[in-house]
Chemist: 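Structure incoming, see below.
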Amino acid sequence: MILFKTIKDIENQINKLKKEGVSIGFVPTMGALHLGHISLIKEAKKTCQQVVCSIFVNPTQFNDKADFEKYPITIDRDIELLVEAGCDMLFLPSVKEMYPDGLTNKTPVDFGFLAQTLEGEFRPGHFDGMAQVVERLLRIVKPHKLYMGRKDYQQQLIVKELIRKRRLHIELVPCNTVREKDGLAMSSRNVRLDKKARTASVTISKTLTEVKKRIKAGADIAQTRQWAYAQLTAGKGFNTEYFEIRNAETLKPVVKKQEPKVALVATKIGGVRLIDNMLL
Ligand code: AMP
(Lines give C-alpha, C1' and ligand atoms only; values in the text may rest on other atoms or scores of the structure.)
Protein backbone atom coordinates (compact mmCIF):
# COMPACT_ATOMS: atom_id res chain seq x y z
CA MET A 1 0.00 0.00 0.00
CA ILE A 2 1.29 3.45 -0.89
CA LEU A 3 0.76 6.21 1.66
CA PHE A 4 0.13 9.77 0.43
CA LYS A 5 0.04 12.83 2.65
CA THR A 6 -0.27 15.58 0.06
CA ILE A 7 -2.89 16.31 -2.58
CA LYS A 8 -0.18 16.87 -5.18
CA ASP A 9 1.36 13.43 -4.68
CA ILE A 10 -1.87 11.45 -4.73
CA GLU A 11 -3.20 13.44 -7.71
CA ASN A 12 -0.04 12.63 -9.70
CA GLN A 13 -0.53 8.93 -9.01
CA ILE A 14 -4.29 9.00 -9.74
CA ASN A 15 -3.77 10.91 -13.01
CA LYS A 16 -1.19 8.33 -14.09
CA LEU A 17 -3.54 5.43 -13.28
CA LYS A 18 -6.47 7.08 -15.02
CA LYS A 19 -4.42 7.56 -18.20
CA GLU A 20 -3.73 3.82 -18.12
CA GLY A 21 -7.48 3.16 -17.86
CA VAL A 22 -7.30 1.67 -14.35
CA SER A 23 -10.63 1.56 -12.46
CA ILE A 24 -10.55 3.25 -9.06
CA GLY A 25 -12.69 2.53 -6.00
CA PHE A 26 -12.72 4.92 -3.05
CA VAL A 27 -13.55 4.44 0.64
CA PRO A 28 -13.45 7.69 2.66
CA THR A 29 -13.20 7.22 6.44
CA MET A 30 -12.31 9.01 9.66
CA GLY A 31 -10.05 6.16 10.78
CA ALA A 32 -10.23 4.04 13.95
CA LEU A 33 -11.02 1.33 11.46
CA HIS A 34 -13.08 -1.76 12.21
CA LEU A 35 -14.57 -4.60 10.20
CA GLY A 36 -17.35 -2.31 8.91
CA HIS A 37 -14.77 -0.12 7.14
CA ILE A 38 -12.84 -3.18 5.97
CA SER A 39 -16.01 -4.63 4.41
CA LEU A 40 -16.15 -1.53 2.18
CA ILE A 41 -12.51 -2.04 1.11
CA LYS A 42 -13.28 -5.69 0.32
CA GLU A 43 -16.40 -4.73 -1.66
CA ALA A 44 -14.35 -2.20 -3.67
CA LYS A 45 -11.64 -4.82 -4.32
CA LYS A 46 -14.25 -7.04 -6.02
CA THR A 47 -14.76 -4.67 -8.96
CA CYS A 48 -12.04 -2.01 -8.92
CA GLN A 49 -8.42 -2.49 -9.98
CA GLN A 50 -7.11 0.04 -7.45
CA VAL A 51 -8.68 0.82 -4.08
CA VAL A 52 -8.03 4.11 -2.30
CA CYS A 53 -8.91 4.69 1.35
CA SER A 54 -8.72 8.09 3.01
CA ILE A 55 -8.42 8.75 6.72
CA PHE A 56 -9.30 12.28 7.74
CA VAL A 57 -11.04 13.31 10.94
CA ASN A 58 -12.84 16.27 9.45
CA PRO A 59 -13.13 19.03 12.08
CA THR A 60 -15.91 20.92 10.29
CA GLN A 61 -18.43 18.09 10.55
CA PHE A 62 -18.25 17.89 14.35
CA ASN A 63 -20.86 20.14 15.87
CA ASP A 64 -19.78 18.92 19.32
CA LYS A 65 -16.20 19.96 20.17
CA ALA A 66 -15.86 17.28 22.87
CA ASP A 67 -16.88 14.56 20.38
CA PHE A 68 -14.13 15.75 18.00
CA GLU A 69 -11.53 15.84 20.77
CA LYS A 70 -12.47 12.36 21.98
CA TYR A 71 -12.60 10.83 18.49
CA PRO A 72 -10.35 7.72 18.62
CA ILE A 73 -7.12 7.77 16.59
CA THR A 74 -5.43 4.41 15.92
CA ILE A 75 -3.40 5.07 12.79
CA ASP A 76 -0.80 2.26 13.11
CA ARG A 77 -3.50 -0.36 13.57
CA ASP A 78 -5.52 1.22 10.71
CA ILE A 79 -2.55 0.85 8.36
CA GLU A 80 -2.14 -2.81 9.39
CA LEU A 81 -5.82 -3.54 8.72
CA LEU A 82 -5.73 -1.79 5.34
CA VAL A 83 -2.62 -3.68 4.20
CA GLU A 84 -4.22 -6.95 5.31
CA ALA A 85 -7.40 -6.13 3.35
CA GLY A 86 -5.39 -5.39 0.19
CA CYS A 87 -5.97 -1.64 0.03
CA ASP A 88 -3.68 -0.10 -2.63
CA MET A 89 -3.42 3.53 -1.56
CA LEU A 90 -4.03 5.46 1.64
CA PHE A 91 -4.59 9.21 1.60
CA LEU A 92 -3.78 10.69 5.00
CA PRO A 93 -3.89 14.48 4.68
CA SER A 94 -3.39 17.04 7.44
CA VAL A 95 -6.07 19.59 8.31
CA LYS A 96 -3.89 22.27 6.65
CA GLU A 97 -3.72 20.22 3.46
CA MET A 98 -7.52 19.90 3.25
CA TYR A 99 -8.26 23.43 4.51
CA PRO A 100 -5.41 25.67 3.27
CA ASP A 101 -7.56 28.77 3.79
CA GLY A 102 -8.70 27.88 7.31
CA LEU A 103 -11.75 26.02 8.54
CA THR A 104 -14.99 26.95 6.84
CA ASN A 105 -18.20 25.05 7.07
CA LYS A 106 -19.89 25.68 3.76
CA THR A 107 -21.11 23.55 0.90
CA PRO A 108 -22.46 25.21 -2.24
CA VAL A 109 -25.22 22.59 -2.43
CA ASP A 110 -28.66 23.02 -0.87
CA PHE A 111 -29.84 19.54 0.07
CA GLY A 112 -33.17 20.83 1.39
CA PHE A 113 -35.21 18.57 3.65
CA LEU A 114 -32.82 15.65 3.22
CA ALA A 115 -30.17 17.47 5.29
CA GLN A 116 -32.53 19.30 7.65
CA THR A 117 -34.28 16.32 9.19
CA LEU A 118 -33.02 13.67 11.68
CA GLU A 119 -29.21 14.11 11.98
CA GLY A 120 -29.60 17.58 10.43
CA GLU A 121 -31.88 18.60 13.28
CA PHE A 122 -29.68 17.25 16.07
CA ARG A 123 -26.27 17.98 14.54
CA PRO A 124 -26.60 21.42 12.95
CA GLY A 125 -23.90 22.06 10.35
CA HIS A 126 -22.78 18.43 10.34
CA PHE A 127 -23.84 17.66 6.77
CA ASP A 128 -22.43 20.93 5.40
CA GLY A 129 -19.02 20.05 6.84
CA MET A 130 -19.29 16.46 5.64
CA ALA A 131 -20.43 17.34 2.09
CA GLN A 132 -17.73 19.96 1.77
CA VAL A 133 -14.91 17.56 2.62
CA VAL A 134 -16.38 14.64 0.65
CA GLU A 135 -16.59 16.83 -2.47
CA ARG A 136 -12.95 17.88 -1.99
CA LEU A 137 -11.89 14.26 -1.58
CA LEU A 138 -13.89 13.16 -4.63
CA ARG A 139 -12.29 15.86 -6.77
CA ILE A 140 -8.84 14.70 -5.63
CA VAL A 141 -9.34 10.92 -5.93
CA LYS A 142 -11.71 11.06 -8.95
CA PRO A 143 -12.93 7.49 -8.36
CA HIS A 144 -15.18 5.53 -10.68
CA LYS A 145 -16.97 4.06 -7.68
CA LEU A 146 -17.48 5.36 -4.16
CA TYR A 147 -18.23 2.86 -1.37
CA MET A 148 -20.23 4.07 1.62
CA GLY A 149 -21.97 2.30 4.49
CA ARG A 150 -25.72 2.22 5.06
CA LYS A 151 -24.75 2.56 8.73
CA ASP A 152 -24.74 6.30 8.01
CA TYR A 153 -27.97 6.07 6.07
CA GLN A 154 -28.76 9.77 5.72
CA GLN A 155 -25.13 10.55 4.86
CA GLN A 156 -25.06 8.21 1.86
CA LEU A 157 -28.36 9.68 0.56
CA ILE A 158 -26.87 13.17 0.82
CA VAL A 159 -23.64 12.16 -0.91
CA LYS A 160 -25.70 10.61 -3.72
CA GLU A 161 -27.43 13.97 -4.10
CA LEU A 162 -24.08 15.79 -3.93
CA ILE A 163 -22.77 13.64 -6.80
CA ARG A 164 -25.91 14.34 -8.86
CA LYS A 165 -26.05 18.08 -8.21
CA ARG A 166 -22.30 18.66 -8.71
CA ARG A 167 -22.27 16.37 -11.79
CA LEU A 168 -19.36 14.32 -10.46
CA HIS A 169 -20.08 11.18 -12.54
CA ILE A 170 -19.25 8.74 -9.77
CA GLU A 171 -21.24 5.62 -8.93
CA LEU A 172 -22.12 5.43 -5.24
CA VAL A 173 -22.26 1.85 -3.96
CA PRO A 174 -24.16 1.61 -0.63
CA CYS A 175 -22.94 -1.30 1.53
CA ASN A 176 -24.71 -3.13 4.34
CA THR A 177 -24.01 -2.47 8.01
CA VAL A 178 -21.56 -4.85 9.67
CA ARG A 179 -22.61 -5.77 13.22
CA GLU A 180 -21.05 -7.30 16.32
CA LYS A 181 -22.25 -10.82 17.18
CA ASP A 182 -24.93 -9.43 19.50
CA GLY A 183 -26.24 -7.03 16.82
CA LEU A 184 -24.59 -3.74 17.81
CA ALA A 185 -23.64 -1.86 14.62
CA MET A 186 -19.85 -1.53 14.46
CA SER A 187 -18.71 2.05 15.02
CA SER A 188 -15.45 3.77 15.87
CA ARG A 189 -17.28 5.29 18.84
CA ASN A 190 -18.10 1.86 20.37
CA VAL A 191 -14.69 1.75 22.10
CA ARG A 192 -15.90 4.62 24.28
CA LEU A 193 -18.79 2.58 25.71
CA ASP A 194 -18.16 1.40 29.27
CA LYS A 195 -19.24 -2.11 30.27
CA LYS A 196 -22.72 -1.10 31.40
CA ALA A 197 -23.38 1.01 28.30
CA ARG A 198 -22.02 -1.71 26.01
CA THR A 199 -24.40 -4.27 27.56
CA ALA A 200 -27.38 -1.93 27.25
CA SER A 201 -26.47 -0.88 23.69
CA VAL A 202 -27.74 -4.16 22.26
CA THR A 203 -31.29 -2.84 22.82
CA ILE A 204 -30.82 -0.52 19.81
CA SER A 205 -30.46 -3.28 17.18
CA LYS A 206 -32.94 -5.52 19.02
CA THR A 207 -35.54 -2.73 18.82
CA LEU A 208 -34.86 -2.14 15.11
CA THR A 209 -35.20 -5.87 14.38
CA GLU A 210 -38.49 -6.06 16.25
CA VAL A 211 -39.77 -2.93 14.47
CA LYS A 212 -38.97 -4.56 11.14
CA LYS A 213 -40.88 -7.67 12.17
CA ARG A 214 -43.90 -5.67 13.33
CA ILE A 215 -44.04 -3.43 10.24
CA LYS A 216 -43.70 -6.45 7.94
CA ALA A 217 -46.63 -8.01 9.79
CA GLY A 218 -48.69 -4.89 9.02
CA ALA A 219 -48.43 -3.00 12.33
CA ASP A 220 -49.38 0.68 12.52
CA ILE A 221 -46.38 2.99 12.00
CA ALA A 222 -47.18 5.52 14.74
CA GLN A 223 -47.84 2.78 17.31
CA THR A 224 -44.69 0.89 16.36
CA ARG A 225 -42.62 4.05 16.68
CA GLN A 226 -44.12 4.71 20.10
CA TRP A 227 -43.29 1.16 21.17
CA ALA A 228 -39.70 1.60 19.94
CA TYR A 229 -39.31 4.84 21.91
CA ALA A 230 -40.46 3.04 25.04
CA GLN A 231 -37.60 0.52 24.62
CA LEU A 232 -34.98 3.26 24.53
CA THR A 233 -35.91 5.31 27.59
CA ALA A 234 -33.96 7.23 30.23
CA GLY A 235 -34.86 4.49 32.74
CA LYS A 236 -32.77 2.07 30.67
CA GLY A 237 -29.89 4.55 30.40
CA PHE A 238 -30.75 6.03 26.99
CA ASN A 239 -31.15 9.63 25.97
CA THR A 240 -32.92 9.08 22.65
CA GLU A 241 -32.83 11.94 20.16
CA TYR A 242 -35.04 10.35 17.54
CA PHE A 243 -36.56 7.08 16.43
CA GLU A 244 -38.37 7.49 13.13
CA ILE A 245 -39.84 5.37 10.37
CA ARG A 246 -39.40 7.20 7.09
CA ASN A 247 -39.47 6.81 3.32
CA ALA A 248 -36.17 5.06 2.49
CA GLU A 249 -35.39 7.38 -0.45
CA THR A 250 -36.60 10.81 0.64
CA LEU A 251 -36.61 10.41 4.47
CA LYS A 252 -40.04 12.07 4.45
CA PRO A 253 -42.78 10.69 6.71
CA VAL A 254 -44.44 7.60 5.29
CA VAL A 255 -47.93 8.17 3.90
CA LYS A 256 -48.57 5.02 1.88
CA LYS A 257 -48.13 1.45 3.13
CA GLN A 258 -46.24 0.34 -0.02
CA GLU A 259 -43.48 2.96 0.24
CA PRO A 260 -39.90 1.69 0.79
CA LYS A 261 -39.27 2.27 4.50
CA VAL A 262 -36.34 2.66 6.86
CA ALA A 263 -36.28 2.94 10.65
CA LEU A 264 -33.60 5.32 11.95
CA VAL A 265 -32.44 5.96 15.48
CA ALA A 266 -29.99 8.23 17.31
CA THR A 267 -29.50 7.76 21.02
CA LYS A 268 -26.92 8.60 23.66
CA ILE A 269 -25.83 6.00 26.15
CA GLY A 270 -23.14 6.52 28.78
CA GLY A 271 -22.26 9.82 27.09
CA VAL A 272 -21.69 8.19 23.68
CA ARG A 273 -23.93 9.09 20.74
CA LEU A 274 -24.83 6.08 18.60
CA ILE A 275 -26.83 5.90 15.36
CA ASP A 276 -28.31 2.87 13.65
CA ASN A 277 -30.99 2.04 11.11
CA MET A 278 -32.70 -0.83 9.35
CA LEU A 279 -34.46 -1.10 5.99
CA LEU A 280 -37.95 -2.41 6.67
P1 AMP B 1 -16.56 6.83 9.39
O2 AMP B 1 -15.13 6.48 9.55
O3 AMP B 1 -17.39 6.56 10.59
O4 AMP B 1 -16.75 8.19 8.80
O5 AMP B 1 -17.13 5.81 8.29
C6 AMP B 1 -16.53 5.68 7.04
C7 AMP B 1 -17.41 4.83 6.16
O8 AMP B 1 -17.57 3.54 6.76
C9 AMP B 1 -18.82 5.40 5.98
O10 AMP B 1 -19.26 5.19 4.65
C11 AMP B 1 -19.62 4.58 6.96
O12 AMP B 1 -20.98 4.49 6.64
C13 AMP B 1 -18.95 3.23 6.86
N14 AMP B 1 -19.21 2.42 8.04
C15 AMP B 1 -19.07 2.79 9.35
N16 AMP B 1 -19.47 1.81 10.17
C17 AMP B 1 -19.90 0.79 9.36
C18 AMP B 1 -20.45 -0.51 9.60
N19 AMP B 1 -20.65 -0.95 10.84
N20 AMP B 1 -20.78 -1.27 8.54
C21 AMP B 1 -20.59 -0.83 7.28
N22 AMP B 1 -20.07 0.39 6.98
C23 AMP B 1 -19.73 1.18 8.00
Side-chain angles (χ1 to χ4, degrees), residues 25-46 48 51-64 67-68 70-75 77-79 81-82 85 87 90-93 95 98 118-119 123 126-138 141 143 145-163 170-193 198 201-202 204-205 208-209 248 251 262 264-266 272-279:
F26 181 37
V27 179
T29 80
M30 297 204 298
L33 301 183
H34 49 67
L35 293 179
H37 298 112
I38 296 305
S39 75
L40 304 184
I41 303 280
K42 292 201 168 146
E43 200 54 39
K45 291 264 323 161
K46 283 187 196 162
C48 301
V51 176
V52 183
C53 175
S54 65
I55 296 180
F56 181 63
V57 186
N58 175 33
T60 67
Q61 73 187 65
F62 285 83
N63 55 312
D64 177 354
D67 188 29
F68 176 61
K70 281 189 227 152
Y71 203 82
I73 294 174
T74 57
I75 195 66
R77 173 92 185 112
D78 292 353
I79 290 175
L81 287 173
L82 288 171
C87 182
L90 169 61
F91 183 42
L92 190 65
V95 172
M98 291 304 286
L118 304 166
E119 291 295 287
R123 299 185 73 188
H126 165 64
F127 286 131
D128 291 326
M130 181 281 292
Q132 168 187 244
V133 86
V134 168
E135 182 170 359
R136 281 182 197 181
L137 289 167
L138 292 178
V141 178
K145 294 188 182 205
L146 168 66
Y147 294 81
M148 297 191 83
R150 289 201 174 94
K151 160 75 170 45
D152 298 275
Y153 195 86
Q154 193 172 5
Q155 169 173 278
Q156 48 95 30
L157 287 182
I158 289 172
V159 171
K160 198 168 164 206
E161 193 61 3
L162 173 77
I163 290 170
I170 295 165
E171 182 191 342
L172 191 148
V173 184
C175 301
N176 286 339
T177 302
V178 177
R179 297 177 178 281
E180 300 289 354
K181 275 205 184 85
D182 65 3
L184 177 67
M186 287 192 184
S187 163
S188 305
R189 289 184 175 88
N190 290 354
V191 295
R192 287 174 42 208
L193 295 167
R198 176 64 187 84
S201 67
V202 70
I204 303 168
S205 58
L208 285 167
T209 307
L251 296 184
V262 60
L264 309 107
V265 56
V272 184
R273 187 176 188 277
L274 299 177
I275 59 169
D276 199 355
N277 65 81
M278 207 169 273
L279 286 163

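Indexing begins at 1, ligand by ligand and atom by atom, following the structure's order. One is the number of the first residue; the rest follow in order along the sequence. These numbers come from the heavy atoms of this one structure, side chains and all, not from hydrogens, waters or symmetry mates.
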Chemist: Which is it for Glu180 and Arg198 under the salt bridge (charged side-chain N to carboxylate O under 4.0 Å, His left out) test, yes or no, and what are the steps along the way?
Modeler: CA-CA 11 Å; Glu180 300 289 354; Arg198 176 64 187 84; 5.1 Å; no
Chemist: Rounded to the nearest 0.5 Å, what separates atom CD in Gln132 from atom CZ in Phe127?
Modeler: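 Taking CD in Gln132 and CZ in Phe127, the distance rounds to 14.5 Å.
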Chemist: Check Arg123 with Asp128, please: is the shortest side-chain N to carboxylate O separation under 4.0 Å?
Modeler: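 Result for this pair is no, no salt bridge flagged.
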Chemist: Counting only nitrogen or oxygen atoms and a 3.5 angstrom limit, does Met148 reach ligand 1?
Modeler: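 Checking ligand 1 against Met148, no N or O pair falls under 3.5 Å apart.
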Chemist: Closer than 4.0 Å to some heavy atom of Asn176 - which atoms of ligand 1 meet that?
Modeler: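 With Asn176 as reference, the close atoms of ligand 1 come out as 20 (N), 21 (C).
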Chemist: When you measure from atom 20 (N) of ligand 1 to every protein heavy atom, which one gives the shortest distance, and what is it?
Modeler: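 The closest heavy atom on the protein side is Val178 N, 2.8 Å.
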Chemist: Tell me which protein heavy atom sits closest to atom 10 (O) of ligand 1, plus the residue, atom name and distance to 0.1 Å.
Modeler: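 The closest one turns out to be Gly149 N, 2.9 Å.
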Chemist: State, to 0.1 Å, how close Gln154 and Leu118 come at their nearest heavy-atom pair, and which atoms those are.
Modeler: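 Taking every non-hydrogen atom into account, OE1-CB, 3.4 Å.
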Chemist: Side-chain donor-acceptor contacts of residues 33-41 below 3.5 Å, not counting sequence neighbours, with atom names and distances?
Modeler:
unit_1	atom_1	unit_2	atom_2	d
His34	ND1	Gly36	N	2.9
His37	ND1	His34	N	3.0
Ser39	OG	Gly36	O	2.6

Chemist: For atom 12 (O) of ligand 1, which protein heavy atom lies nearest, and how many Å away is it?
Modeler: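 Protein heavy atom at minimum distance: Asp152 OD2, 2.7 Å.
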Chemist: Starting from atom 13 (C) of ligand 1, find the nearest protein heavy-atom neighbour and note its residue, name and distance.
Modeler: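 Scanning the protein heavy atoms, the shortest distance from atom 13 (C) of ligand 1 goes to Leu40 CD1, 3.7 Å.
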Chemist: Could you tell me whether Asp67 and Arg189 make a salt bridge, using a distance below 4.0 angstrom between a side-chain N and a carboxylate O?
Modeler: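 Between Arg189 and Asp67 there is a salt bridge, with a charged N closer than 4.0 Å to a carboxylate O.
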Chemist: Could you give all pairs that pass the salt bridge (charged side-chain N to carboxylate O under 4.0 Å, His left out) test and reach residues 34-46, with sequence neighbours left out?
Modeler: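 Passing the test, one end in residues 34-46: Glu43-Lys46.
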Chemist: Can you pull out the closest protein heavy atom to atom 5 (O) of ligand 1? Residue, atom name and distance to 0.1 Å, please.
Modeler: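 Sorting protein heavy atoms by distance from atom 5 (O) of ligand 1 puts His37 NE2, 3.4 Å first.
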Chemist: Considering only the protein, which heavy-atom contact is closest to atom 6 (C) of ligand 1, and what is its distance?
Modeler: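 Protein heavy atom at minimum distance: Pro28 O, 3.3 Å.
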Chemist: What protein heavy atom is closest to atom 23 (C) of ligand 1, reported as residue, atom name and distance in Å?
Modeler: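 Looking at atom 23 (C) of ligand 1, the protein heavy atom closest to it is Lys151 CB, 4.0 Å.
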Chemist: Taking the six-membered ring for Trp, are Phe62 and Tyr71 closer than 6.0 Å centroid to centroid?
Modeler: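 Ring centroids of Phe62 and Tyr71 are less than 6.0 Å from each other.
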Chemist: Within ligand 1, which atoms have a heavy atom of Met30 less than 4.0 Å away?
Modeler: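 With Met30 as reference, the close atoms of ligand 1 come out as 1 (P), 2 (O), 4 (O).
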Chemist: Is it true that a side-chain atom of Arg136 and a backbone atom of Met98 form a donor plus acceptor pair closer than 3.5 Å?
Modeler: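 Yes; at least one donor-acceptor contact below 3.5 Å.
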Chemist: Would you mind telling me if ligand 1 is within reach of the side chain of Arg179, the backbone, both or neither, using heavy atoms under 4.0 Å?
Modeler: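 Neither part.
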Chemist: As an exercise, identify every atom of ligand 1 less than 4.0 angstrom from a heavy atom of Thr177.
Modeler: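 It comes down to these atoms of ligand 1: 19 (N), 20 (N), 21 (C).
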Chemist: What atoms of ligand 1 come within less than 4.0 Å of a heavy atom belonging to Met186?
Modeler: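 Every atom of ligand 1 under 4.0 Å from some heavy atom of Met186: 16 (N), 17 (C), 18 (C), 19 (N).
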